[in-house]
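Some notes on the structure that comes next.
The analysis underlying the following values was restricted to heavy atoms, covering all of them including side chains, and did not include hydrogens, waters or symmetry mates. Residue numbers begin at 1 in each chain, while the letters A, B, ... track the order of the sequences.
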Amino acid sequence: MWSHLRKSGIKLPKITAKEIERKIDPILRQMEKAGIKLDVKAIQLLSKKLEAKSQKLEASIYKSAGEKFNIASPLQLAEVLFEKLRLPSEELKRTKSGVSTAASELKKVVDKHEIIKPILEYRELSKLLSTYLKPLPAMADKNSRLHTHFGQDTSTGRLTSFEPNLQNIPIKGELGPEIRRSFVAEKGCKLISADYSQIELRVVSCLSGDPAMMEAFSTGQDVHARTAAELFDVEITEVSHDQRRVAKTVNFGVLYGMSPYGLSQALSISQDEAAKYIGRYFTVHSGIKDYCNRMIELARSEGYVETLFGFRRELPNINSPHRQIAEAEERMAINTPVQGTAAEILKLSMIRLADQLKVLNENSKIKSQNYNSKLKNSGILNQVQDDDPKNLKSCYLKPRLILTVHDELIVEVPEEQAKKIAQVMKETMEGAVKLCVPIEVSVGVGENWADTKNNVA
DNA sequence: ACAATGGTCC
DNA sequence: ACTCGGACCATTGTA
């Protein structure tokens, strides 16, 4: 499907999607076994703090409402807000059971009543408490490590994480970093996080061959700023925060097969205005537009689309007479090759990195003698990671992959090796595939997951 | 046990 | 009326 790209500066490892799946499997099992350490004390402290705050909010909500009710029930909440308190609901979305109480809707009436703000805040805290703060400590093993399970059966080739899902740990807001601070490195070790910068946009620029977008990446521009410059017809240096935000949303929208409605919702603007942006975007980026049309046509005639490495997704309903069903699959036809190829690049980099780490371990000058003294000094003989206590020596202070979050890899390494391995990760990931544009990876080292984001290695 | 609703991540 | 890709999980409320 992509053989025509071979002449466009792209160079691919001789490997198929199936082989990638086969090779990634033992790596995933090793990562599951290794797990990631949770600072149980810290997370329980945070939990207590937020619980107290949550109760105060609860009381304040009951007071504003003039009655007690179940805030977690959309049904009861809607009744209180839109019947008892008579808040205007005309502008808000409906669900099957009545007016939607989704945060995106409640925000529209936040100025109409004092009760809305505490509700939104209460919701946020409830979410964090019930999904992360309370359950995670209970799932940690005797060494405080969390062992997720990685799944490989998705429609685009992405990996999943479950029981617990460690791919949706909060990062946004004030509390996100607080929570991520509880994901820590073992004593004497560091976490290194390396993530691909705008990998999906780079992939689509390459799959489409769109000259403007390729140029943006090839010359190291801020791609969202550039898009903003194009959309608003200003110099790239004169782009405002807001213009860049809009452009960023449009860029993401492209990957999802955006419609004027979807974009209007995402940006809280009118559909007309959204349609203007889309029109302008596709005028400047006709290569992207052609890509979208090509994928839809391909799916219509062949019944499937493929990623760069040949992962196939069937789209049996793309010729459905039901517009809504057909259009949904059209968006999949656009998105799957992009998301799927990005996933393959990440998996390829995992395979390469696992090899690199193995070599590094075998050549390591830190031999068993040093291990022994290190172990004694650090006093952690009884809290290391491997299931088999007899293997303690060989696995402590051994760099290993422990987590992946779609465009990010996290390893845990002895601190004295952190700098070196951070560099290895960056090079390995950036060189995993040669696209027609450069691939950039940012790396950070820290004692915990949050700190890896502040520290450029 | 299951659908609906809502929310977290990339 | 509906509408932007891919996941997992908690809670409510009904069957």
| said: Does Ile334(A) reach a base, just sugar-phosphate, or nothing at all? Heavy atoms under 4.0 Å. | reply: nothing
| task | Select base, sugar-phosphate, or nothing to describe what Arg331(A) touches, counting heavy atoms under 4.0 Å on all strands. | result | sugar-phosphate
| Base, sugar-phosphate alone, or nothing: which one does Arg94(A) contact when heavy atoms must sit under 4.0 Å apart? | nothing
| Given dG13(C), dG7(B), dA7(C), the nucleotide with the shortest approach to the side chain of Lys127(A) | dG7(B)
| said: If I take atom CG in residue Leu315(A) and atom P in nucleotide dG6(C), what distance separates them, rounded to the nearest angstrom? | reply: 9 Å
| message | Over all strands shown, is Ser100(A) touching base, sugar-phosphate only, or nothing at heavy-atom distances under 4.0 angstrom? | response | sugar-phosphate
| query | Can you tell me if Glu21(A) and Gln152(A) form a side-chain donor-acceptor pair at under 3.5 Å? | reply | yes
| Glu83(A) side-chain N/O to Val80(A) backbone N/O, donor-acceptor pair under 3.5 Å | no
| query | With a 4.0 Å cut-off on heavy atoms, is Ala266(A) in touch with a base, just the backbone sugar-phosphate, or nothing at all? | reply | base
| query | In whole Å, what is the span from the NZ atom of Lys107(A) to the P atom of dG7(B)? | reply | 9 Å
| request: Please measure how far the P atom in dT3(C) lies from the corresponding atom in dA4(B), and state the result in whole Å. | output: 13 Å
| said: To the nearest 0.5 Å, what is the distance between CG on Leu207(A) and OG on Ser8(A)? | reply: 9.5 Å
| task | For Ile169(A), answer base if it contacts any base atom (sugar-phosphate contacts may also be present), sugar-phosphate if it contacts only those atoms, and nothing otherwise; contact means non-hydrogen atoms under 4.0 Å. | result | sugar-phosphate
| field | Presence of Thr95(A) side-chain N/O under 4.0 Å of dA4(B) phosphate oxygens OP1/OP2 | value | no
| task | For Arg313(A), answer base if it contacts any base atom (sugar-phosphate contacts may also be present), sugar-phosphate if it contacts only those atoms, and nothing otherwise; contact means non-hydrogen atoms under 4.0 Å. | result | sugar-phosphate
| field | Separation of dT8(B) C1' from Leu175(A) CG (nearest whole Å) | value | 13 Å
| Has His241(A) got more than 12 heavy atoms of other residues, nucleotides or ligands less than 6.0 Å from its NE2? | no
| Minimum side-chain heavy-atom gap Val433(A)-Phe309(A) below 4.5 Å | yes
| NA contact type, Glu163(A), heavy-atom cut-off 4.0 Å: base, sugar-phosphate, or nothing? | sugar-phosphate
| Under 5.5 Å and under 30°: Tyr261(A) stacked on dT3(C) | yes
| said: Applying a 4.0 Å non-hydrogen cut-off, can you work out what Glu200(A) is touching in the nucleic acid: base, sugar-phosphate, or nothing? | reply: nothing
| Rounded interatomic separation in angstrom, taking CZ from Phe69(A) and P from dT11(C) | 18 Å
| message | Are more than 12 heavy atoms, taken from residues, nucleotides or ligands other than Lys289(A), located less than 6.0 Å from that residue's NZ atom? | response | no
| query | Looking for any heavy atom pair under 4.0 Å, which part of the strands does Ser126(A) touch: base, sugar-phosphate only, or nothing? | reply | nothing
| request: Could you state the atom-to-atom distance from CD of Glu124(A) to P of dA10(C) in whole Å? | output: 18 Å
| request: Between dG7(B), dG6(C), dC4(C), spot the one nearest the side chain of Met258(A), thanks. | output: dC4(C)
| request: Mind calculating the distance between CG (Asp407(A)) and P (dC9(B)) to the nearest angstrom? | output: 14 Å
| field | Phosphate contact (dC9(C) OP1 or OP2) by Gln167(A) side-chain N/O below 4.0 Å | value | no
| said: Any side-chain N or O of Thr156(A) below 4.0 angstrom from OP1/OP2 of dC10(B)? | reply: no
| message | Heavy atoms only, 4.0 Å cut-off, all strands: where does Ser161(A) land among base, sugar-phosphate and nothing? | response | sugar-phosphate
| said: Distance check, C1' atoms only: dC2(B) and dC4(C), in whole angstrom units. | reply: 27 Å
| query | Closer than 4.0 Å, any side-chain N/O of Ser73(A) to the OP1 or OP2 of dG13(C)? | reply | yes
| d(CG, Leu146(A); P, dC9(C)) in whole Å | 13 Å
| request: Could you tell me whether Glu91(A) atom CD has more than 12 heavy atoms of other residues or ligands within 6.0 Å of it? | output: no
| query | Between dA10(C) atom C1' and Leu128(A) atom CG, what is the distance in whole Å? | reply | 12 Å
